Amino acid sequence: MMNEPILSLAPMAGITDWPTRLLCCEQGCNYTTTEMISAMGLLQAPSDSVVYRYLLSVSPDEKPPVAQLFGHEPGYLAQAAAKLTDMGIFSGIDINMGCPAPKVTGSGSGSALMRDLPLAEKIIKAVRKSTSLPLSVKMRLGWDEQHITAPELAHICEDSGCDLITVHGRTRDQQYSGQADWDAIAAICDVVHLPVLLNGDITTADDALRALQYCRCAGIAIGRGALGNPFIFSQIASALKGEVPTLPTVRRLTDIAVRHVRLMAEWKGERGAVIEMRKHLCWYIHGKPGAARLRTRIVTTESLTDVIELLNEYAETAVCPL
């Protein structure tokens, strides 16, 4: 196991915007990735596009993130990577070859590329030529159990000049069901010299330690385990030092949630923040005492001030630690 493993916040569409990335970085995350950016969309979007202004937003207070691209045309992906590189605000380029969403795979992008490795190779080589930034690829194990192509794709990445790969331990057909196959990821770690990040079923500090030891990977990428739980990174950092990770108190959790709300309001305005934060706040309080009642009030509240008051009221009246 590495002395300082990579602790990554996995890219998630509609979630890993800069406020979320910043909060995770403050808790010990040392590698973040943007939401997926369409290569074609980036090249064709008007200069005043609100969607792409949000997707490309980076906070000066966060560690520069890696920009993740998706698409299926090598030329577009190469041009988009060059454009992102020239912006000077990203620390790397990641190519998404793992997204299982039908609206992405239907066009031949995302995990659909794992069924067309010659095209995947052309894309990686084209992007490699277009950017001087570190290049990575995020993949799944394959399209389905009959087509496990991750080992071959990992070799292609290595031979094509990639600097890192992230492997989600499920096939596209599995979506997010079942158990992530750490054995399959460990096998990839054994046959390539590239740093490999393990993605899948990391929800506690203990999970992270077991994954790092079992797979001998360079690090881990946490997706769903970080939803409403940026604390997972500080807990892992503590565990790596041999310390006992501690759970946040109700007050600590609500303080972070309130800060998240305020950061979002700075960025998207009060109404945008209230709407955008509903899902995040539901994740923050999931499984906590009184969560059902608080959730009902949060999703029907239109005022930023009222949302913050609800969270503070919850912290003051909660009677037990989390």
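Position 1 is the first residue of the sequence; numbering continues from there. Here the structure is a predicted model, which means the values were calculated and not measured.
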Count I, L, V, M, F, W, Y as connected when their side-chain heavy atoms are under 4.5 Å apart, and connections chain through other members. Are [X] and [Y] then in the same cluster?
{"X": "Leu56", "Y": "Leu9", "value": "yes"}
{"X": "Ile275", "Y": "Tyr284", "value": "no"}
{"X": "Leu253", "Y": "Leu22", "value": "yes"}
{"X": "Ile165", "Y": "Met12", "value": "yes"}
{"X": "Leu117", "Y": "Trp143", "value": "no"}

Flag yes if more than 12 heavy atoms outside [X] fall under 6.0 Å of its [atom1] atom; otherwise flag no.
{"X": "Lys129", "atom1": "NZ", "answer": "no"}
{"X": "Arg251", "atom1": "CZ", "answer": "yes"}
{"X": "Gln146", "atom1": "CD", "answer": "yes"}
{"X": "Arg293", "atom1": "CZ", "answer": "no"}
{"X": "Glu152", "atom1": "CD", "answer": "no"}
{"X": "Tyr214", "atom1": "OH", "answer": "no"}

Do you know the tightest heavy-atom contact between [X] and [Y]?
{"X": "Leu113", "Y": "Gly71", "answer": "CD1-O, 3.7 Å"}
{"X": "Ile188", "Y": "Ala154", "answer": "CG2-CB, 3.8 Å"}
{"X": "Asp163", "Y": "Pro195", "answer": "O-CD, 3.2 Å"}
{"X": "Thr16", "Y": "Glu35", "answer": "OG1-N, 3.5 Å"}
{"X": "Arg172", "Y": "Ser111", "answer": "CG-OG, 2.9 Å"}
{"X": "Ile124", "Y": "Cys157", "answer": "CD1-SG, 3.8 Å"}

Can you give the donor-acceptor pairs under 3.5 Å from side chains of residues 82-94 to other protein atoms, not counting sequence neighbours?
{"residue": "Lys83", "atom": "NZ", "partner": "Leu42", "partner atom": "O", "Å": "3.3"}
{"residue": "Thr85", "atom": "OG1", "partner": "Ala81", "partner atom": "O", "Å": "2.7"}
{"residue": "Thr85", "atom": "OG1", "partner": "Thr131", "partner atom": "OG1", "Å": "2.7"}
{"residue": "Ser91", "atom": "OG", "partner": "Pro64", "partner atom": "O", "Å": "2.8"}
{"residue": "Ser91", "atom": "OG", "partner": "Pro65", "partner atom": "O", "Å": "3.3"}
{"residue": "Asp94", "atom": "OD1", "partner": "Ser136", "partner atom": "OG", "Å": "2.6"}
{"residue": "Asp94", "atom": "OD1", "partner": "Val137", "partner atom": "N", "Å": "3.4"}
{"residue": "Asp94", "atom": "OD2", "partner": "Gln68", "partner atom": "NE2", "Å": "2.8"}

- Note on the structure: Sorted by chain and number, sequence neighbours left out, ring pair (Phe, Tyr, Trp, His ring centres under 6.0 Å) with His72 holds for none
- Item | Criterion side-chain contact (heavy atoms from CB on, under 4.5 Å) on Ile222 and Asn229, from CA distance to verdict | CA-CA 11 Å; Ile222 303 174; Asn229 185 29; over 6 Å; no
- Any side-chain heavy-atom pair from Glu309 and Asn312 closer than 4.5 angstrom?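 No. Closest side-chain heavy atoms not under 4.5 Å.
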- Item | Close side-chain approach of Glu62 to Glu26, heavy-atom, < 4.5 Å | no
- Message: Parallel, tilted or perpendicular, judged at 30° and 60°: which one describes the rings of His280 and His260?
- Response: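 Ring orientation of His280 relative to His260: tilted.
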Spell out, as yes or no, whether a donor-acceptor pair under 3.5 Å connects the side chain of [X] to the backbone of [Y].
{"X": "Arg170", "Y": "Gly178", "answer": "yes"}
{"X": "Asn30", "Y": "Leu7", "answer": "yes"}
{"X": "Thr105", "Y": "Ala101", "answer": "yes"}
{"X": "Gln235", "Y": "Ala205", "answer": "no"}

Measuring from atom [atom1] of [X] to atom [atom2] of [Y], what distance do you get when rounded to the nearest 0.5 angstrom?
{"X": "Leu263", "Y": "Trp18", "atom1": "CG", "atom2": "CH2", "value": "4.5 Å"}
{"X": "Ile15", "Y": "Lys279", "atom1": "CD1", "atom2": "NZ", "value": "5.5 Å"}
{"X": "Gln213", "Y": "Cys215", "atom1": "CD", "atom2": "SG", "value": "10.5 Å"}
{"X": "Phe70", "Y": "Ile37", "atom1": "CZ", "atom2": "CD1", "value": "9.5 Å"}
{"X": "Asp17", "Y": "Glu276", "atom1": "CG", "atom2": "CD", "value": "6.0 Å"}

- From Leu310, Val307, Val258, residue fulfilling side chain to side chain contact (heavy atoms under 4.5 Å, CB included) relative to Leu281: Val307
- Determine the sole option in Thr33, Asn199, Thr166 for which the side chain to side chain donor-acceptor pair (under 3.5 Å) test with Lys138 is passed.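 Among Thr33, Asn199, Thr166, the one meeting side chain to side chain donor-acceptor pair (under 3.5 Å) with Lys138 is Asn199.
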- Task: Go through Thr32 and Lys63 one step at a time and tell me if the side-chain contact (heavy atoms from CB on, under 4.5 Å) criterion holds.
- Result: CA-CA 8 Å; Thr32 63; Lys63 180 180 175 67; 5.6 Å; no
Between the side chains of [Y] and [X], is the shortest nitrogen-to-carboxylate-oxygen separation below 4.0 Å, so that they form an ion pair?
{"X": "Lys241", "Y": "Glu4", "result": "no"}
{"X": "Arg210", "Y": "Asp206", "result": "yes"}
{"X": "Asp173", "Y": "Arg140", "result": "no"}

- Message: Taking the six-membered ring of Phe233 as reference, does the cationic atom of Arg21 (NZ for Lys, CZ for Arg) lie under 6.0 Å from its centre and within 45° of its axis?
- Response: no
